[in-house]
Amino acid sequence: PKKPKSKRGTLQGCTLSQLAKAKNLPPEYLRFLGWYDTIYAGKPAVAVPWPGGTHYRVNLEGNPKYLWDEGNKVSVLGLDRLEEIRRTGWVLIVEGETDFAAGRLMGLPVVAIPGASTWKDEWALLFQGCQIYVWREPGKGGETFVDKLAKSFWEIKVIEPPAGTKDLCDLHDQAGEEARNFFDALKTVAQEVHIDRTDDMGRWAGYDASSASFYNQPPKAPKQLDRTRVERHHKENVPERVTREKRLLYGGHPERESLL
């Protein structure tokens with residue numbers, strides 16, 4: 001890849017094994033998603049293919065965490081499963097590829113964008129007929145993300161993480177095999193955000209949210225996750241663990257199983 005146009009901070013480098021360990025995601029699964037080790041501007045980096053180009057994780061901590069090749073286009077990650085997502089009737093939109101990987105591992109109909117400022121209004125048309133769910137991370141960044149998406153849809157539902165949980169990677173790490181159940185509980189109490197569009201009624205001609213369908217979900221959301229990390233969850237063979245998770249968490253829901 002070409003070197004970045006400018007040096008925004010120091011590039012320390014990052015490997016796939018380092019990133020997987022930091023996020024507590026199985027490295028085999030990240031490779032299954034197409035991620036791989038490479039060299040960027042003379043430093044080790046993790047290459048993550050997006051529809052518009054390749055995103056490079058160049059620092060584990062500090063900024064910049066990610067850089068693009070010159071000429072790459074900002075895009076939505078996860079559109080390879082768009083038809084399956086539409087069949088579920090809802091989609092979860094998150095920021096960043098590691099949260100996307102955690103969501104995909106949990107069997108969620110998830111897509112990701114690089115950040116709030118990169119969202120494009122026209123992308124909303126990709127999800128016609130789907131109920132839109134957005135994961136709001138704590139802080140100003142999460143508020144900006146929600147505000148940006150709320151302006152593109154007639155309605156979104158915002159999922160608030162429990163205390164001590166920042167993003168989907170945290171949820172997957174803290175809850176282990178119960179991560180999907182915790183997410184489903186949070187989803188049932190998601191907050192509806194709707195912007196009055198009486199002066200813009202024709203903006204999204206053809207948008208129809210009435211086709212959205214929902215799974216029966218647990219009645220209450222957890223107040224806080226068990227902080228104990230389930231180490232064995234991350235040490236087992238990935239294919240065997242995924243098979244067991246699908247049987248325990250997604251059994252009886254063919255649409256969920258097709259997403260993993």
Side-chain angles (χ1 to χ4, degrees), residues 1-81 92-106 108 110-120 123 134-142 144-145 148 161 165-174 179 229 233-235 238 242 260:
K2 298 178 182 179
K3 292 184 179 181
K5 291 182 179 180
S6 61
K7 294 183 179 180
R8 297 175 292 168
T10 304
L11 302 189
Q12 300 293 338
C14 177
T15 66
L16 189 143
S17 61
Q18 289 173 333
L19 181 60
K21 182 177 181 181
K23 296 297 183 179
N24 230 352
L25 294 169
E28 297 88 351
Y29 192 72
L30 300 184
R31 293 189 184 96
F32 170 77
L33 294 177
W35 303 19
Y36 59 94
D37 284 303
T38 188
I39 300 296
Y40 189 96
K43 298 289 185 179
V46 180
V48 182
W50 287 61
T54 302
H55 214 189
Y56 297 92
R57 180 72 180 243
V58 295
N59 283 328
L60 190 59
E61 301 292 344
N63 292 314
K65 283 188 173 65
Y66 290 97
L67 290 173
W68 296 91
D69 277 342
E70 185 177 353
N72 284 175
K73 296 181 180 180
V74 177
S75 52
V76 180
L77 185 61
L79 295 183
D80 58 313
R81 298 287 184 90
L92 174 67
I93 303 177
V94 299
E95 288 187 79
E97 43 263 89
T98 52
D99 277 358
F100 168 80
R104 182 68 72 86
L105 188 58
M106 291 160 57
L108 299 173
V110 60
V111 297
I113 61 173
S117 63
T118 64
W119 175 259
K120 300 178 184 294
W123 288 343
V134 179
W135 182 281
R136 172 158 50 194
E137 296 184 7
K140 182 67 175 178
T144 301
F145 185 54
K148 186 79 171 179
T165 302
K166 176 179 178 287
D167 52 29
L168 278 187
C169 279
D170 280 352
L171 184 69
H172 177 265
D173 180 27
Q174 295 164 6
R229 179 177 293 178
H233 174 68
H234 302 283
K235 293 180 180 178
V238 171
V242 169
L260 191 58

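The structure displayed is predicted, hence computed values, not measured ones.
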For this session: Go through Arg31 and Leu16 one step at a time and tell me if the side-chain contact (heavy atoms from CB on, under 4.5 Å) criterion holds.
Result: CA-CA 9 Å; Arg31 293 189 184 96; Leu16 189 143; 4.0 Å; yes
Problem set entry | Distance (rounded to the nearest 0.5 Å) between Leu171 CG and Thr165 OG1 | 6.0 Å
Problem set entry | Rounded distance [0.5 Å steps], OG1 in Thr98 versus CZ in Arg57 | 6.5 Å
Seminar exercise, completed: For Gly78 and Phe100 the tightest heavy-atom approach is CA-CE1, 3.6 Å
Problem set entry | Nearest-0.5 Å distance, OG1 of residue Thr10 to CG of residue Asn63 | 11.0 Å
Exercise. How about Asn72 and Trp50: do any of their side-chain heavy atoms sit closer than 4.5 Å?
Worked result: no
Problem set entry | Contact summary for Pro49 and Tyr36, nearest pair of heavy atoms | CG-CE2, 4.5 Å
Exercise. Taking the side chain as C-beta and beyond, is there a heavy-atom pair between Trp123 and Val74 under 4.5 Å?
Worked result: yes
Problem set entry | Least distance between heavy atoms, Ala116 atom then Lys148 atom | O-CG, 3.4 Å
Exercise. With distance as the sole test, does Trp135 use its side chain to make a donor-acceptor pair with the main-chain N or O of Lys166 at under 3.5 Å?
Worked result: yes
Exercise. So, do Val46 and Leu30 sit near enough that their side-chain heavy atoms are less than 4.5 Å apart?
Worked result: no
Exercise. Quick one: does Thr54's side chain get under 4.5 Å of Thr38's, heavy atoms only?
Worked result: no
Seminar exercise, completed: Separation between OH (Tyr66) and SG (Cys14), nearest 0.5 Å, reads 8.0 Å
Exercise. Could you give the distance from CD (Gln18) to CD (Glu61), rounded to the nearest 0.5 Å?
Worked result: 10.5 Å
Problem set entry | For Lys73 against Trp68, the heavy-atom pair lying closest together | O-CZ3, 4.5 Å
For this session: Could you pull out all residues at least two apart from Ser17 that satisfy side-chain hydrogen bond (donor to acceptor under 3.5 Å, both in side chains)?
Result: Thr15
Exercise. If you look at every heavy atom in Phe145 and Ile93, which pair is closest and at what distance?
Worked result: CE2-O, 3.7 Å
Seminar exercise, completed: Glu95 meets the side-chain hydrogen bond (donor to acceptor under 3.5 Å, both in side chains) criterion, sequence neighbours left out, with none
Problem set entry | Separation of Leu25 CG from Glu97 CD (nearest 0.5 Å) | 11.5 Å
Exercise. What closest approach, in Å, do Asp99 and Val94 show between heavy atoms, and which atom pair accounts for it?
Worked result: CB-CG2, 4.0 Å
Problem set entry | Side chain Asn59, main chain Pro64, donor-acceptor under 3.5 Å | yes
